[in-house]
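First up is the structure itself, then whatever we jot down about it.
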Amino acid sequence: MEGSEVNPRLQRNLGILDEESMKRVADTHVLVAGVGGAGGQCAVDLARLGFGWVTLADFDVYEVHNSNRQVGSFDSTVGQLKIEVVGKMCQDINPELRIRKVPEGVTDSNIDSLLSGFDGKPVDYVVEVIDIAGLRAKEWLHQACREQGIVIMTGLMLGFGAALHVFQPEAPRYEDLYMLPDGRIDLPKIIPRLGSYVVQKHWDACFAGRGHAPTCVIGATTAAGMMVSEIMRAILLGRDQMVSHPEYLYVDFFDHHYVRGSVVPA
């Protein structure tokens with residue numbers, strides 16, 4: 001019978017994927033670095049698509065202000081580690097999923113062990129959605145992926161949309177592209193466009209390193225969907241078919257705006 005060997009929890013993926021593709025997905029290991037808005041949703045999406053191996057790295061706990069966008073944020077989870085909550089959700093979706101939880105997040109001393117994987121399965125792709133305050137962790141992770149030949153991507157939540165940047169190992173250094181001399185991320189450079197609806201004073205404060213980064217649930221789910229979809233393209237079509245630097249993707253559902261663009265060199 002068609003689909004008889006497929007995990008029944010994943011059977012409705014048949015028709016979008018064939019059985020051979022599902023086996024390739026099940027043999028793929030993704031590191032999700034930062035399990036907040038986009039990262040938490042990304043982990044849940046990976047579980048529902050049938051990925052076999054996921055590493056979750058994050059030291060943070062849920063706070064009340066996470067409630068507007070983060071998949072594991074509820075009144076009942078305030079104060080709990082994000083990787084524990086999201087990890088439990090993923091395992092509840094698919095008990096066959098193998099999960100490693102790294103409660104210290106990404107550090108300069110654990111990069112090699114993070115990427116080497118667990119139970120003999122190294123990391124194939126990295127989703128980097130570390131908070132903008134964690135600049136050094138971003139730098140360490142991008143550098144290690146470049147050295148070890150691993151594709152790393154980041155999805156930026158932007159209002160009612162998101163931007164996707166994928167970095168192949170031969171891409172320029174992330175720190176050269178998007179880091180300012182004072183140690184901050186050059187947000188205007190990595191963000192291709194802001195929606196027509198934004199309240200500019202809040203974004204101005206964010207760009208200046210003050211206040212919060214304005215985000216909402218639509219941006220979080222969009223960023224996650226873009227990242228997971230691009231990993232699926234790599235698995236099914238090959239890494240050279242990913243939209244990679246200097247190209248990027250940007251979508252805003254409120255403004256009905258979609259761009260496949262290219263970063264203009266400085």
Side-chain angles (χ1 to χ4, degrees), residues 21 24-25 27-34 38-39 42 46 51 53-55 57 102 105-117 121-132 134-158 162-181 183-193 223-251 258-266:
S21 297
R24 289 159 66 185
V25 171
D27 194 43
T28 300
H29 183 178
V30 179
L31 162 62
V32 182
C42 181
L46 295 169
F51 281 75
W53 308 75
V54 173
T55 292
V102 184
V106 175
T107 70
D108 59 345
S109 60
N110 74 357
I111 290 287
D112 288 340
S113 64
L114 277 175
L115 297 179
S116 64
K121 180 63 175 175
V123 166
D124 297 299
Y125 300 94
V126 173
V127 169
E128 183 274 292
V129 276
I130 299 170
D131 188 86
I132 58 174
L135 188 59
R136 291 306 169 200
K138 288 175 178 285
E139 181 180 355
W140 298 326
L141 190 53
H142 280 265
Q143 180 178 347
C145 286
R146 189 168 56 249
E147 292 171 351
Q148 298 188 32
I150 299 172
V151 175
I152 181 170
M153 64 188 65
T154 186
L156 299 166
M157 303 179 287
L158 300 172
L164 173 71
H165 295 267
V166 179
F167 303 92
Q168 299 284 348
E170 62 272 15
R173 302 195 314 165
Y174 181 89
E175 52 269 36
D176 292 338
L177 291 169
Y178 299 120
M179 285 176 58
L180 294 167
R184 294 184 295 117
I185 295 177
D186 191 348
L187 287 173
K189 184 180 288 186
I190 198 171
I191 292 175
R193 183 180 183 274
M226 292 171 77
M227 290 187 291
V228 174
S229 294
E230 210 61 23
I231 293 173
M232 292 297 297
R233 283 181 60 85
I235 294 170
L236 301 180
L237 303 176
R239 284 181 14 174
D240 62 336
Q241 295 302 305
M242 304 175 81
V243 175
S244 304
H245 182 87
E247 286 194 301
Y248 65 87
L249 292 179
Y250 168 80
V251 63
Y258 177 88
V259 173
R260 177 174 177 170
S262 186
V263 175
V264 178

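By convention here, the first residue in the shown sequence is residue 1. Small disclaimer: the values here were computed from a predicted structure and weren't measured.
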Using every non-hydrogen atom in the two residues, find where [X] and [Y] come nearest and quote the distance to one decimal.
X    : Y    : answer
A234 : Y125 : CB-OH, 3.4 Å
A144 : I111 : CB-CG2, 3.0 Å
M157 : A223 : CG-CB, 4.1 Å
Y174 : R146 : N-NH1, 3.9 Å
L249 : M226 : CB-CE, 3.6 Å
A163 : L158 : CB-CD1, 3.8 Å

Supply the atom-to-atom distance [X] [atom1] to [Y] [atom2], rounded to the nearest 0.5 angstrom.
X    : Y    : atom1 : atom2 : result
M242 : I235 : CE    : CD1   : 9.0 Å
M227 : T154 : CE    : OG1   : 6.5 Å
T107 : W140 : OG1   : CH2   : 6.5 Å
I231 : D124 : CD1   : CG    : 9.5 Å
H165 : L156 : NE2   : CG    : 5.5 Å
L180 : K189 : CG    : NZ    : 7.5 Å

**Report entry** E128 side chain to H142 side chain, donor-acceptor N/O pair below 3.5 angstrom
**Finding:**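 There is such a pair between these side chains.
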
Would you find a donor on one side and an acceptor on the other, under 3.5 Å apart, between the side chain of [X] and the backbone of [Y]?
X    : Y    : value
H29  : G117 : no
E175 : Q143 : no
K138 : I130 : yes
D131 : G34  : no

Query raised in the report: Can you list the steps and then say if L141 with L31 is a side chain to side chain contact (heavy atoms under 4.5 Å, CB included)?
Result: CA-CA 11 Å; L141 190 53; L31 162 62; 4.2 Å; yes

Query raised in the report: According to the interplanar angle, ranging from 0 to 90°, do the rings of F167 and H245 count as parallel (below 30°), tilted (30 to 60°) or perpendicular (above 60°)?
Result: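 Aromatic pair F167/H245 classed parallel.
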
Query raised in the report: Are N110 and S113 close enough, and set up right, to give a side-chain hydrogen bond (donor to acceptor under 3.5 Å, both in side chains), and what steps lead you there?
Result: CA-CA 5 Å; N110 74 357; S113 64; 5.4 Å; no

**Report entry** Minimum side-chain heavy-atom gap V166-V243 below 4.5 Å
**Finding:**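 They are not in side-chain contact.
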
**Report entry** R239 vs V151 side-chain heavy atoms within contact, under 4.5 Å
**Finding:**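 In short, these two side chains touch, coming nearer than 4.5 Å.
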
Query raised in the report: For Y250 and I191, what are the C-alpha separation, side-chain angles and deciding distance, and is it a side chain to side chain contact (heavy atoms under 4.5 Å, CB included)?
Result: CA-CA 9 Å; Y250 168 80; I191 292 175; over 6 Å; no

Requested in this report: Could you give me the CA-CA distance, side-chain angles and deciding distance for L46 and V32, then say whether side chain to side chain contact (heavy atoms under 4.5 Å, CB included) is met?
Outcome: CA-CA 10 Å; L46 295 169; V32 182; 3.9 Å; yes

Requested in this report: Show the numbers, then the answer: is there a side chain to side chain contact (heavy atoms under 4.5 Å, CB included) between V123 and L114?
Outcome: CA-CA 8 Å; V123 166; L114 277 175; over 6 Å; no

